[in-house]
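Computed from a predicted structure; not experimentally measured.
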Amino acid sequence: MRVCRAAAGRLAAMLAAVVLITGCGGEPSPGAWATSVCSALTPWRAEIRKLTSSTDQQMTAQTSPAQAKENLVRLFDGAARASETARRRVEQAGVPDAEQGAEVSVRFRTSLAQMRDAYSKARDSIDSLSTSQSAAFYDGVREAVQTLNQEYEASAVDASSLNSEELRRAFAEVPECR
């Protein structure tokens with residue numbers, strides 16, 4: 001029994017040394033980080049495309065303002081939740097081991113948070129609209145969507161304009177980002 005404890009103690013000490021030598025998980029390489037980020041963004045983009053298509057259909061469908069309101073509030077809520085999920089997954093990817101890695105990581109998370117907030121604002125704007133007058137309701141929806149589009153465009157991160165050559169290259173080369 002004493003031999004097993006001694007061996008277990010030596011094994012634990014060796015494992016601790018390996019962890020100290022290799023670091024506590026360390027920062028992911030640019031390629032690994034880009035893979036994680038693109039893997040987080042792929043389902044988000046698909047969800048946003050689906051929701052955008054559904055929003056377009058709602059804007060042209062022959063539904064009552066009350067039905068349109070309910071559907072649009074649900075759609076924008078889904079987009080806000082999808083954006084937050086993507087933001088959390090990018091946060092979980094860590095900070096890439098690259099020049100300007102921390103700055104780039106913050107830019108991606110901030111961008112997704114701004115998109116989440118833009119969708120939430122659109123949801124809240126539409127939710128506050130009265131449906132008693134159809135024309136006024138749809139004017140309010142158009143205004144909310146126009147504001148959403150402006151805020152969305154302003155918050156976008158272009159991977160080709162990153163301040164890190166390593167990360168720019170990783171985003172261009174990683175299959176998950178194509």
Of all heavy-atom pairs linking Pro96 and Gly101, the shortest is CD-O, 3.4 Å

Just checking, any donor-acceptor pair under 3.5 angstrom between side chains of Ser105 and Arg109?
yes

Ala80 to Ser120 - nearest heavy-atom pair and separation:
CB-OG, 3.4 Å

Shared hydrophobic cluster for Val174 and Val95 (ILVMFWY, side-chain gaps under 4.5 Å)
no

Derivation and outcome, side chain to side chain contact (heavy atoms under 4.5 Å, CB included), residues Leu148 and Phe76
CA-CA 10 Å; Leu148 167 65; Phe76 289 136; 3.5 Å; yes

Working to the nearest 0.5 Å, report the span between CG of Leu75 and CD of Glu47.
9.0 Å

Donor-acceptor pair, distance only, cut-off 3.5 Å: does the side chain of Ser164 make one with the backbone of Gln100?
no

Shortest non-hydrogen contact from Gly78 toward Leu51:
C-CD1, 3.7 Å

Rounded to the nearest 0.5 angstrom, the OG-NZ distance for Ser64 and Lys69 is 11.0 Å

What do you reckon, is CD of Gln133 surrounded by more than 12 foreign heavy atoms closer than 6.0 Å?
no

Treating Arg178 as the side-chain partner and Glu173 as the backbone partner, does any N or O pair qualify as donor plus acceptor under 3.5 Å?
yes

Approximate separation, where rounding is to 0.5 Å, of Arg87 CZ and Leu41 CG:
12.5 Å

If you measure from SG on Cys38 to CD on Glu176, what distance do you get to the nearest 0.5 Å?
7.5 Å

Give a yes or no answer on whether the side chain of Thr42 reaches the backbone of Ser39 with a donor-acceptor pair at less than 3.5 Å.
no

Are side-chain heavy atoms of Thr147 and Ser125 found at a separation under 4.5 Å?
no

May I ask you to check whether Thr85 and Trp44 show a side-chain donor-acceptor distance below 3.5 Å?
no

Test item: Glu151 and Lys121 side chains (from C-beta on) under 4.5 Å apart, heavy atoms
yes

CZ-CD distance between Arg89 and Glu84, expressed to the nearest 0.5 angstrom:
13.0 Å

Residues Arg168 and Glu165 bridged, charged N to O under 4.0 Å:
yes

With distance as the sole test, does Asn71 use its side chain to make a donor-acceptor pair with the main-chain N or O of Gln67 at under 3.5 Å?
yes

Are there more than 12 heavy atoms of other residues, nucleotides or ligands under 6.0 Å from atom CD of Glu103?
yes

Return the orientation label for the Phe108 and Trp33 ring planes: parallel under 30°, perpendicular over 60°, tilted otherwise.
perpendicular

Begin from the C-alpha positions of Tyr138 and Leu129 and carry the test side chain to side chain contact (heavy atoms under 4.5 Å, CB included) through to its verdict.
CA-CA 9 Å; Tyr138 283 107; Leu129 295 173; over 6 Å; no

Once rounded to the nearest 0.5 Å, what's the spacing between atom CG of Leu112 and atom OG of Ser83?
6.5 Å

Within a strict 4.5 Å, meaning less than it, do heavy atoms of the Arg142 and Asp139 side chains meet?
yes

With side chain to side chain contact (heavy atoms under 4.5 Å, CB included) as the test, would you mind laying out the steps for Asp77 and Tyr119 before giving the verdict?
CA-CA 7 Å; Asp77 187 59; Tyr119 283 118; over 6 Å; no

Which heavy-atom pair separates Pro28 from Ala93 by the least distance, and what is that distance?
CG-O, 3.3 Å

